[in-house]
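Remember, it's 1-based here, ligands and their atoms both numbered in the order they're listed.
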Amino acid sequence: MKLTIVYDNEVYKKDIGLKSDWGFSCLIESEDETILFDTGARDNILLSNMKILNVSLENISKIVISHEHWDHNGGLQALSTLINDATLYRIKKKSPSKNIELVSIEKPCKVSEGIYSTGRLKGAPVDEQSLILHGNNGWYVLAGCSHPGVHTILDTSQKHGKIIGLIGGLHSFNNFKLLEGLDLVCASHCTKYKKEIQKLFPKIYVEGGVGRIIEI
Ligand SMILES: [Zn+2]
Ligand SMILES: [Zn+2]
C-alpha cells in the first residue's frame, strides 16, 4: 500500500511547487483502489498539490473525512464536483453532492480490502475516526488530528492486530511511551511535539510533509 501526503503544514518535497498550509490530506493507493483521507483546508492548494504529484482524481473511488474541522473537510465541496461516483465515509450525515454516496460513520467498519475505520470515537472538541491499514508487515494507523487521543485510537485499532506504525496529526500528544515498540512514526500536521518525538525515536521517525511517500 502506498501513502502520499498531499496536504500538510509542511512541505517535504521541496522546489517542485508544492504548497504547505495548516491542514491534512493523504492519498492511499492499495492494490484495489485509491482512497483520499481528508481534504485539507483550501481546495486550490489541495488540487494544485495533487496535480504536481500526478494524482488522477478519476481514480479516487472513496473519500474519508476523519472529522468535521475545516482543515480536514475544506476541499471536499470542490472535490465533489470533480469526482463522479465516489463513496464518502464521514461522521456528519451529509453528502456534498448527488454523485457522492454517503456512509455515515458510527460503528467500526470496513472501508476497503485491508482498510478499516475505527468508527466514531469520542473526542474533544469533536468526534473523529481514524483508519487502520494493513501493510506488508502489519497494521498501521492513519489519523487526522487525534482528537480522541492517541491512546484511545491505538487501543481501538489494536483489535485488528498489533499496530506497528502511526501516521498523521497527533495534536498535543505527549505520552511518548505509547510509541515504544512501533516500527514507524510519521508525526505530521498539527503534532505539537514533532521534534521531541523525532529525538526520542530517531530510528523509526519518518518526516512528514507534502510530497512524502510512505510504502507500507
Ligand atoms: Zn481537528
Ligand atoms: Zn487538523
For the Zn ion (ligand 1): the N/O/S atom of His69 at shortest distance =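 For His69, the N/O/S atom sitting closest to the Zn ion (ligand 1) is ND1.
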So does [X] have any N/O/S atom less than 2.8 Å away from the Zn ion (ligand 1)?
X: Cys190; answer: no
X: His72; answer: no
X: His67; answer: yes

So does Arg212 pair up with Glu207, basic N to acidic O under 4.0 Å?
-> no
Find out whether Met50 and Leu36 are in side-chain contact, i.e. whether some heavy atom of one side chain is under 4.5 Å from a heavy atom of the other.
-> yes
Applying ring-ring contact (aromatic ring centres under 6.0 Å, His included) between His69 and each of His147, His189, His171, report the one that passes.
-> His147
Could you tell me whether any N, O or S atom belonging to Cys145 is less than 2.8 Å from the Zn ion (ligand 2)?
->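 Given the 2.8 Å cut-off, Cys145 counts as a ligand of the Zn ion (ligand 2).
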At the Zn ion (ligand 2): angle between Asp71 atom OD2 and His189 atom NE2, to 10 degrees =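 About 90° at the Zn ion (ligand 2).
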Could you walk me through whether Lys194 and Glu10 pass the salt bridge (Lys or Arg N to Asp or Glu O under 4.0 Å) check?
-> CA-CA 12 Å; Lys194 274 179 208 168; Glu10 289 169 33; 2.8 Å; yes
Exercise: do His134 and His160 side chains pair donor with acceptor under 3.5 Å = no
